[in-house]
Amino acid sequence: MELKHKLSALQSEALTKINDASDAQSLQQVKVEYLGKKGIITGLMKEMKSLPNEEKPMFGQLVNEARQAVEAAMTEKDSELKEKAINDKLANETIDISLPGRTFNVGSAHPLTKIVEELEDLFIGLGYEVVEGYEVETDYYNFEALNLPKSHPARDMQDSFYITEELLMRTHTSPVQARTLESRKGQGPVKIICPGKVYRRDSDDATHSHQFTQIEGLVVDENIKMSDLKGTLELFAKKMFGAEREIRLRPSFFPFTEPSVEVDISCFKCCGTGCNVCKGTGWIEILGAGMVHPNVLEMAGFDSTKYSGFAFGMGPDRIAMLKYGIEDIRHFYTDDLRFLEQFKAVEDGGSEHVSQ
């Protein structure tokens, strides 16, 4: 009888502590105190060996009943505490949907990126393939494969940054053309544009930079004529600068083309009457072009008696300066947000002229 009262008192004590537990940690302490390896109820089982044999079954039954009652209460309390923790978390993390949303600053494409993508879209629509190449090039592909042998005086116009005697930062994207022609193993047609960064050892000022972007085009096939080049350039000028634009071809010299021309477009500001943009001439120089030199074709494995082609090269920097009214090429490379953010309005359909 005394044992039964003792177990009842222990059970009531344990149940009270379980009921008073406010969190999982305090509940765990109660479990260790009563049901752990050295717990009070667990310790009662050790007293069984000192009891007479006839009392042992009753003793074991009473201890097990007390243990089961405490375990059941603990399981119930554990579930209750977990549910409370979830409800408290939901209450504390409730989103107030009446608050105004956070605003995000939306950027815009870099002006040079816009021009390059616009030119790529134009020429892809004409059936051209976009091909990119290495910015660190060999002397052979940068010069020799383009009819510029070592010590050729025309190399002075493209003074570059040399890494070794045979490795340099490319001065134009023409090496991509040379490599592409070589990869075709003398079989046309070839119709590509080559965008990318180029480097020349130049003094930086409002119109010059030691690094700038360039896009070159190349078409090689049978019966390609100067008229094909002129028609392509007329379409380019009208698409980029307006349907009323005209082009003018002036004789020039490039070692990799023969004949070679400088290409001018009629001034879009004064429509040919003369202004500060065109320096009073009515024309603006925009790019260089010409028919691919037979030597370039032969070095790449093409039969120059069967194949002919034309090539052109333009600077997206210069096109962007003309298109957006930018007076200093250095603005493109200084990453000044005050300058770059102006092109958000252009992207949204605003005026294309950017004030300086």
Side-chain angles (χ1 to χ4, degrees), residues 110-113 115-116 119 131-182 192-218 250 252-258 260-264 279 284-290 292-293 295-296 299-300 311-322 324 326-336 339-340 356:
H110 192 282
L112 293 181
T113 301
I115 292 296
V116 170
L119 289 168
V131 183
E132 297 181 342
Y134 309 112
E135 292 183 21
V136 177
E137 259 297 356
T138 64
D139 183 271
Y140 175 79
Y141 286 109
N142 196 80
F143 290 123
E144 294 178 50
L146 300 169
N147 204 35
L148 276 161
K150 294 185 184 299
S151 302
H152 194 291
R155 288 194 181 202
D156 293 341
M157 296 185 294
Q158 297 188 25
D159 196 8
S160 180
F161 298 96
Y162 277 83
I163 300 170
T164 68
E165 289 187 2
E166 295 300 323
L167 284 178
L168 66 152
M169 303 301 291
R170 68 180 180 187
T171 60
H172 45 189
T173 58
S174 300
V176 183
Q177 298 183 19
R179 287 180 178 275
T180 302
L181 285 175
E182 186 178 80
I192 61 172
I193 57 166
C194 315
K197 295 178 184 177
V198 298
Y199 307 84
R200 296 184 188 179
R201 197 165 64 85
D202 209 343
S203 298
D204 289 9
D205 57 29
T207 57
H208 297 84
S209 175
H210 65 281
Q211 170 199 300
F212 53 98
T213 54
Q214 190 177 61
I215 290 184
E216 296 191 16
L218 173 70
R250 291 181 289 109
S252 186
F253 167 76
F254 302 110
F256 29 83
T257 53
E258 179 62 37
S260 304
V261 292
E262 296 285 357
V263 182
D264 304 329
K279 300 179 181 179
I284 301 172
E285 182 180 323
I286 194 68
L287 57 87
V292 179
H293 199 292
N295 289 351
V296 174
M299 281 188 285
F312 56 85
M314 62 186 76
D317 307 64
R318 178 165 176 75
I319 293 172
M321 291 175 75
L322 294 171
Y324 300 132
I326 298 169
E327 297 177 354
D328 195 323
I329 193 174
R330 290 171 290 193
H331 288 313
F332 293 131
Y333 303 106
T334 54
D335 295 331
D336 189 331
F339 168 75
L340 296 175
Q356 300 300 314

Using a 4.5 Å cut-off on heavy atoms from C-beta on, say whether the side chain of Q211 contacts that of E135.
->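 Not touching, per the 4.5 Å side-chain cut-off.
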Can you tell if the side chain of T173 reaches within under 4.5 Å of the side chain of V198, non-hydrogen atoms only?
->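 A side-chain contact exists here, since the closest heavy-atom pair is under 4.5 Å.
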Fit a plane to each ring of H172 and F143, take the angle between them on a 0 to 90° scale, and name the class: parallel (under 30°), tilted (30 to 60°) or perpendicular (over 60°).
->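 Aromatic pair H172/F143 classed tilted.
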Over 60° means perpendicular and under 30° means parallel, so classify the ring planes of H110 and F332, tilted if in between.
->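 Because their plane-to-plane angle lies in the 30° to 60° range, the rings of F332 and H110 count as tilted.
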Residues S174, N142; criterion side chain to side chain donor-acceptor pair (under 3.5 Å); working and verdict | CA-CA 7 Å; S174 300; N142 196 80; over 6 Å; no
Please determine if R170 forms a cation-pi arrangement with Y199, meaning its NZ or CZ atom is less than 6.0 Å from the six-membered ring centre and no more than 45° off the ring axis.
->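 No, R170 does not lie over the aromatic ring of Y199.
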Can you tell whether the side chains of [X] and [Y] come within less than 4.0 Å, N to carboxylate O?
| X | Y | value |
| --- | --- | --- |
| K150 | E166 | yes |
| D328 | R330 | yes |
| R318 | E285 | no |

Indicate yes or no for a side-chain donor-acceptor contact from N295 to the backbone of N147 under 3.5 Å, with no hydrogens or angles considered.
->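 No; judged by distance alone, with no hydrogens or angles, the pair does not exist.
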Distance only, no hydrogens: is a donor on one side chain within 3.5 Å (strictly under) of an acceptor on the other, for D336 and H331?
->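 No donor-acceptor contact under 3.5 Å links the two side chains.
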Y162 atom OH, neighbour heavy-atom count above 12 within 6.0 Å |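 Counting other residues, nucleotides and ligands, OH of Y162 exceeds 12 neighbours.
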